[in-house]
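See structure below.
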Protein chains: 2
Amino acid sequence: MFSKACEYGIRAVIYIWSKSTHGVKLGVKDICKGIDAPEFFTAKILQSLAKQDLVSSTKGPNGGFYISKEQENMRLLALVEAIDGDKLFRGCGLGLKHCSEKHPCPIHDDYKNIRENLAKLLSEKTIKELAKEVTSGKATLTTIGV
Amino acid sequence: MFSKACEYGIRAVIYIWSKSTHGVKLGVKDICKGIDAPEFFTAKILQSLAKQDLVSSTKGPNGGFYISKEQENMRLLALVEAIDGDKLFRGCGLGLKHCSEKHPCPIHDDYKNIRENLAKLLSEKTIKELAKEVTSGKATLTTIGV
DNA sequence: GAAATTAAAGACTGTTTTATCCTTTATTTT
DNA sequence: AAAATAAAGGATAAAACAGTCTTTAATTTC
């Protein structure tokens, strides 16, 4: 469903949220340790997100990634689109180039429905909410205990 | 969502269904022309499906691919699983190795819901139904008119 | 039986995704 | 100013995915 990059990206951003409530910055190493993701690969994703202004970053000692005031209400949908683009939400389920209401593929309506449910879910969820689930212990971002 | 191989495979099987109601066999070339898919690549997919007994085939003149009596009630789910495996239906939305009810990722429940809807859709749809939509002109498998 | 036809099988190429490493740049601390 | 730190950026490598081509095997037609 989501690409690896997107999975790491989502986990990373939720992690940053869950740890840096009061302006504390987190380094890539910390983050990747916390979410059990490959360091340099995840760094690239975060850099891309920073470029797109979905997260903030500063270099130098005590620098790292953090979430600014303006980024506080980020939705999951924005994150997914920033990393994976909109291919998950646009385009035909069977790969037809010109699938439309008028010339639908055989699963057009059902697929559309699934997709809209997914888009709805992603657009409703804020990172803040998700982070809260982690800090409260209800959810986790890494393999624990087993 | 689905891989290219899966898209071509689904289209191919629906096409076979829609054209070979009375035991007529269709060659790969015909099929690929009919669904606007790359020939050799799609051939591989059909061969794999034949090996897995989801479609039937015979070699030689007037040979080709067809659907046997036993394959008549094939569900879309079986097709997708045969080509893409179950990765779409199993595994965590955020890629966690040990995500479970007990140790869920932050989107566990919602993702599970989406996934179950998808699985339900795919397990309910028969290829026969989908083919009927094509033969009746309600749906299409290729780019038309534009 | 020989020729023609068609799927099956395997080798090969190209692209995208995933991942790692190394260098550069910006920032802070001393 | 120098040293240390951390993100940014570039280069490379491995794996998965997508697609093509060639040869082989089975079947039918003649």
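The basis for the numbers below is simple: all heavy atoms, side chains too, and nothing from hydrogens, waters or symmetry mates. Chain identifiers are assigned alphabetically (A, B, ...) following the order of the sequence lines, protein sequences preceding nucleic acid strands; residue numbering begins at 1 within each chain.
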With the threshold set at 4.0 Å, does a side-chain nitrogen-carboxylate oxygen contact exist between Lys4(B) and Glu7(B)? yes

Identify which nucleotide among dA8(D), dA8(C), dT18(C) has an atom closest to any side-chain atom of Ala50(A), counting heavy atoms from C-beta outward. dA8(D)

Interatomic distance, Arg11(A) CZ vs dT18(C) P [rounded to whole Å]: 13 Å

With a non-hydrogen cut-off below 4.0 angstrom, is Lys29(B) in contact with a base, only sugar-phosphate, or nothing? nothing

Rounded to the Å, how far apart are Asp53(A) CG and dA7(D) C1'? 15 Å

Just jot down the salt bridge (charged side-chain N to carboxylate O under 4.0 Å, His left out) partners of Glu124(A), sequence neighbours excluded, or say none. Lys120(A)

Nearest whole Å is fine: how far is dA11(C) C1' from Phe41(B) CZ? 16 Å

How would nucleotides 22-30 of chain C be written as a contact map, 5' to 3', with B for base contact, S for sugar-phosphate-only contact and - for no contact, using protein heavy atoms under 4.0 Å? B--BBBBS-

Tell me whether Leu121(B) shares a hydrophobic cluster with Leu96(A), the cluster being built from Ile, Leu, Val, Met, Phe, Trp, Tyr side chains joined at under 4.5 Å. no

Separation of dT17(C) atom P from Ile45(A) atom CD1, nearest Å, is 13 Å

Among residues at least two apart in sequence or on other chains, which ones pass ring pair (Phe, Tyr, Trp, His ring centres under 6.0 Å) with Phe65(A)? none

Side chain of Lys44(B) - closest among dA7(C), dT18(C), dC21(D): dC21(D)

Going by modelled atom types, is there a donor-acceptor pair between the base of dG9(D) and the side chain of Lys51(A) at under 3.5 Å? no

Send over the distance from Ile31(A) CD1 to dA7(D) P, rounded to a whole Å. 7 Å

Considering the options Ile14(B), Leu26(B), Thr135(B), which one meets the side-chain contact (heavy atoms from CB on, under 4.5 Å) requirement together with Lys19(B)? Leu26(B)

Would you say Glu72(B)'s side chain and Ile67(B)'s backbone share a donor-acceptor pair under 3.5 angstrom? no

Only counting residues at least two apart or in another chain, list the ones meeting salt bridge (charged side-chain N to carboxylate O under 4.0 Å, His left out) with Lys25(A). none

Rounded to whole Å, please give me the gap between NZ in Lys25(B) and P in dA8(C). 12 Å

Would you say the base of dA7(D) and the side-chain of Gln47(A) have a donor-acceptor pair closer than 3.5 Å? no

What nucleotide among dA8(C), dT20(D), dA18(D) has an atom nearest to a side-chain atom of Pro38(B)? dT20(D)

For Lys87(B) and Thr42(B), find the nucleotide of DNA chain D closest to each by heavy atoms; which residue's nucleotide sits nearer the 5' end? Lys87(B)

Mind pulling the stems DNA chain C is in, i.e. runs of at least three Watson-Crick or G-U pairs, everything under 3.5 Å? C:1-30 with D:1-30

Short side-chain N/O contact to dA18(D) OP1/OP2 from Tyr8(B), under 4.0 Å: no

Does any pair with a residue in residues 106-118 of chain A pass side chain to side chain donor-acceptor pair (under 3.5 Å), and if so which ones, sequence neighbours excluded? Glu101(A)-His108(A), Glu101(A)-Lys112(A), Asp110(A)-Lys125(B)

Output yes when Glu129(A) and Lys132(A) qualify as a salt bridge under the 4.0 Å nitrogen-oxygen rule, no when they do not. no

Assess the residue pair Met1(B) and Met1(A) against the criterion (side-chain contact (heavy atoms from CB on, under 4.5 Å)); give the C-alpha distance rounded to whole Å, side-chain angles, the decisive distance to 0.1 Å, and a yes or no. CA-CA 5 Å; Met1(B) 187 86 83; Met1(A) 187 86 83; 3.5 Å; yes

Output the rounded distance in Å from CZ (Phe65(B)) to P (dT27(D)). 14 Å

Using atom CD1 of Ile83(B) as one end and atom P of dC17(D) as the other, report the distance to the nearest whole Å. 14 Å

Looking at dA8(D), I'd like to know if its phosphate oxygens (OP1 or OP2) sit under 4.0 Å from a side-chain N or O belonging to Ser57(A). yes

Between Lys4(A) and Leu26(B), whichever has its closest DNA chain C nucleotide further toward 5' is Leu26(B)

